[in-house]
Amino acid sequence: MDITKTTLNEMRDAIAEKTVSATEMTQAYLDRIEKYDGEINAFRETYNERALAKAKAVDAGEVTGPLAGVPIAIKDLMCTEYGKTCCSSKMLANFEAFYNSTAVKRLEDAGAIVLGKTNMDEFAMGSSTETCAFGPTKNPWDVDRVPGGSSGGAAAAMAADFCVGSLGSDTGGSIRQPAALCGVTGMKPTYGRVSRWGLVAFASSLDQIGPFAHSVKDCGTLLKYMGGHDELDSTSANIAIPEDLDDVNTRPEKLRIGIAKQYMSDEANDPAVAAALIKAIEIYKDAGAEIVEVDLPHTEYGIPVYYIVATAEASSNLARYDGVHYGHRTKTPDDLVDLYARSRAEGFGDEVKRRIMLGTYALSSGYYDAYYNKALKVRRLISNDFKTSFEKCDAILCPTTTAPAFKLGEKKDDPLSMYLNDIYTVTANLAGIPGISMPAGTAEVDGKQLPIGMQLLGPAFEETNLLRIARIYEAASECSPMRPKM
Amino acid sequence: MSEQKITEDDVRHVAKLSRLRLDDQEIHHFTEQLEAVLGYISKLNELDVEGVEPMAHAMDMSNVLREDKEVDGIAVDDALKNAPARDGAYFEVPKVLGDGSGA
C-alpha cells in the first residue's frame, strides 16, 4: 500500500484484512517523517518505539478495534501520559502530563497509533504556525510559505503524508484555515461534540478538537470514535454520536445550500477563490440542491468580537502559568510577584503576551462593559444570524480563506493583518456551529500552485447531514485528495 | 467603548495586572500594536446592542451535576511532577512574609 495515495478508511480496511501490516505502515510513516520533516518541521516529537510496539501488538491480534493500526498525529496541546506536551511554548518546554486527553485516549482505545505531536502556534495563538518557540512549520506545497495555523503542523503532516489522520483544535479557524492552505480536509465539530478534557485551554467557550484527513469520510470516522459525552468535561454535550456519522455516501436528508453575500466580495477574495465558489454552487445545483440566499449581516464584526472574547478567556486561562506549579521558572526572582512576572515574561512569546494583555485590558475595571460585555452582545447577534439562516438552508457554502498561503514572515509582526486571516472562520466558533473545509483546487501564485479551500457551515449537532453535503462537493469537484510533489 | 487611544502608561498598567515584566522598548512596541488592534475593535461602536442578551457560551447549559461519588484525586507526586521547585509534598516559592518586601 502506497502511503502517499491512501485514505484512513482504506488503510484501516487493508490492515483489518491483513493485506498490509500495521508495522509496515507505521514504519513507512516514520521513515517518511525522518526523510522530509527536517525541512517541514511538522512534528514537535515522535514516539517511534511506542508506535512500533503498538503496531506489533495490532499485527499479533493483541490490540483490536475499529481503528486498529491506523497511524495518526496529535497536536502539541493534547495531554498524554507519554512524551511532552509543550503547546510549542518555552513555558511548557519540559512539561510532562500524567493523564491522557479524552479525544486521544478514545482513538487509541479504538486501536489508532499515535506517531507523535505536531507543531502549532504557541498556545494555539496565531494563524501561521510561526509564533511557536521552536521554529515555524513550512507548507509542503511551498516551503517559503506558511501552512496556516494554529494547527499548522497537523495540516502539514497530512499534506506531506506523515500520517493518515491527525487531530487539531479550532478556536477561531485553527483547523479549517490550515486545512485550506495545505490542501487537506479539516473539520471543526459543534462546540461540545468532542471532550476538551486534556486539551490545554486557550479560549474555553470556543476551543474544539477536530480531525484532519484526506477525505470527508475519514473526518467522519475520526469524529465518530473520539466524540461524545465525557463526564470529565462538563461542557461536552450529552448527545449521542450518530452511528451513521461516517456514512457519507448517503444522500443528505436536507439539501438546501445557503449563499451569503458577506462571503462573496470580489474585493476580498482571490480570483481563484471566487471562481471555486461559483463552481461549488454549480455542483450543488447539478446535485439537485436548492440554492437560497441568506444574510449574515454581522459577519464583519466577527473578528472584533473574537479578539475580545478569545483574549479575555485566554488572559484568565493562562494565569495558571505562574512559575510555581509547572512550566518555566525564572532563575533569580526578587520576590514572589517578581517570580510570576519574570517567569511569564521569559516563558511566553510576543503573541501570547499581546493576547494576555488585550484580554486583561478588555476585562479591566472601567472597560469591562465597553469591551467584553459589548462583544458578548454582538456574539449573540452573530449567533442569531446563523439561527435565522438555518431556518432557510441546511448548510452555508463559503470560502475558508480569502487567499492561499502567504509567505513566512510576511505578517509575523503585524498582528492586525494576521488576525484578518480568520474572517471567514471565526463566526462558527462564536456561534458554536460545525464547519468543514475541503480542498477546492489551487491558485497560481508566483508560478506555483497553492491549495485553496471551500467551507460548509451547518447547524449545531447536525454533522451527519453536513458531512453528506460535503461529500457531494468532494465527489463532484474531484479536488481531493490533493498532494504536493515532494 | 472608549475612543481614546491606549497609552504606554495604560499598557504598563495592563502588563502589571497580567504579571508580565516588560521593558520600556517592549511597552512601546506593544502599545503601537495594541492601538492598531483596539482601533479595529472599535468597529463594534457602529452597532446598537441595547437590549441584546450577552452570550458568554455557545451552548445553553447550566448546573451540570454529577453523582456525588468518591473518586481518587491527583496523587501528590503527580501534582508535583512538573513543579520547578518542590519541598517534600509542597510547591516551593520564595519567602512571602517576614522581610517586608514580599507580595
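Below, chain A is the first sequence line, B the second, and so on; all start at residue 1.
Of all the listed residues (Pro415(A), Ala375(A), Gly192(A)), the one sharing the greatest number of non-hydrogen pairs under 4.5 Å with chain B is Pro415(A). Ranked by heavy-atom pairs under 4.5 Å with chain A, the list Val49(B), Val93(B), Asp78(B), Val37(B) is led by Asp78(B). Contact count versus chain A (heavy atoms, under 4.5 Å) is highest, among Arg66(B), Met55(B), Arg21(B), for Met55(B). Between chain B and the residues Arg354(A), His298(A), His328(A), the most heavy-atom pairs under 4.5 angstrom are made by Arg354(A). Residue with the most contacts toward chain A among Glu46(B), Glu26(B), His13(B): Glu46(B) (heavy-atom pairs, distance under 4.5 Å). Each of Ala85(B), Ala56(B), Ala15(B), Ala83(B) has some count of heavy-atom pairs under 4.5 Å with chain A, and the biggest count is that of Ala56(B). Contact count versus chain B (heavy atoms, under 4.5 Å) is highest, among Ala341(A), Gly432(A), Ala362(A), for Ala341(A).
Tyr99(A) has its side chain out of reach of Thr80(A): every pair of non-hydrogen atoms, C-beta onward, lies at least 4.5 Å apart. Asp385(A) places a side-chain heavy atom less than 4.5 Å from the side chain of Pro297(A).
Looking at Val64(B), the atoms closer than 4.5 Å to chain A (heavy atoms on both sides) all sit in the side chain, from C-beta outward. Interface residue Leu47(B): backbone and side-chain heavy atoms are both found under 4.5 Å from chain A. Heavy-atom distances place no part of Thr190(A) under 4.5 Å from chain B, backbone and side chain included. If you measure heavy-atom distances from Glu32(B) to chain A, you find no contacts under 4.5 Å at all. Heavy-atom distances place no part of Leu80(B) under 4.5 Å from chain A, backbone and side chain included. Tyr40(B) touches chain A through backbone and side chain together, each having a heavy atom under 4.5 Å away. Only the backbone of Leu430(A) comes within less than 4.5 Å of a heavy atom in chain B; its side chain stays farther off. Looking at Ile356(A), the atoms closer than 4.5 Å to chain B (heavy atoms on both sides) sit in the backbone and in the side chain alike. Using a 4.5 Å cut-off between heavy atoms, Leu22(B) contacts chain A through its side chain alone, with no backbone atom that close. Within the 4.5 angstrom heavy-atom criterion, no atom of Glu346(A) approaches chain B. Contact annotation for Glu231(A): neither backbone nor side-chain heavy atoms come within less than 4.5 Å of a heavy atom of chain B.
Just one of Ser236(A), Ser234(A), Ser169(A), Ser204(A) meets the side-chain contact (heavy atoms from CB on, under 4.5 Å) condition when paired with Arg196(A); it is Ser204(A). The residue from Phe95(A), Tyr340(A), Phe123(A) that alone fulfils the ring pair (Phe, Tyr, Trp, His ring centres under 6.0 Å) condition with Tyr321(A) is Phe123(A). When the options Tyr361(A), Tyr419(A), Tyr301(A) are evaluated for a ring pair (Phe, Tyr, Trp, His ring centres under 6.0 Å) with Tyr307(A), the one that passes is Tyr419(A).
We find the CE-CG distance between Met91(A) and Asn94(A) to be 12.5 Å, quoted to the nearest 0.5 Å.
Between Tyr367(A) and Tyr371(A), the angle of the ring planes lies from 30° to 60°, which puts this pair in the tilted group.
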Check your understanding: For Glu35(B) and Lys5(B), what are the C-alpha separation, side-chain angles and deciding distance, and is it a salt bridge (charged side-chain N to carboxylate O under 4.0 Å, His left out)?
Key -> CA-CA 7 Å; Glu35(B) 191 182 316; Lys5(B) 284 184 171 177; 3.5 Å; yes
**Study point:** salt bridge (charged side-chain N to carboxylate O under 4.0 Å, His left out) evaluation trace for Lys411(A) with Asp414(A)
**Key:** CA-CA 5 Å; Lys411(A) 302 182 182 182; Asp414(A) 182 358; over 6 Å; no
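Ion pairing between a basic and an acidic side chain is recognised when a charged N comes within 4.0 Å of a carboxylate O; Lys377(A) and Asp369(A) show no such pairing.
Judged purely by distance below 3.5 Å, without hydrogens or angles, the side chains of Thr7(B) and Asp9(B) never pair a donor atom with an acceptor atom.
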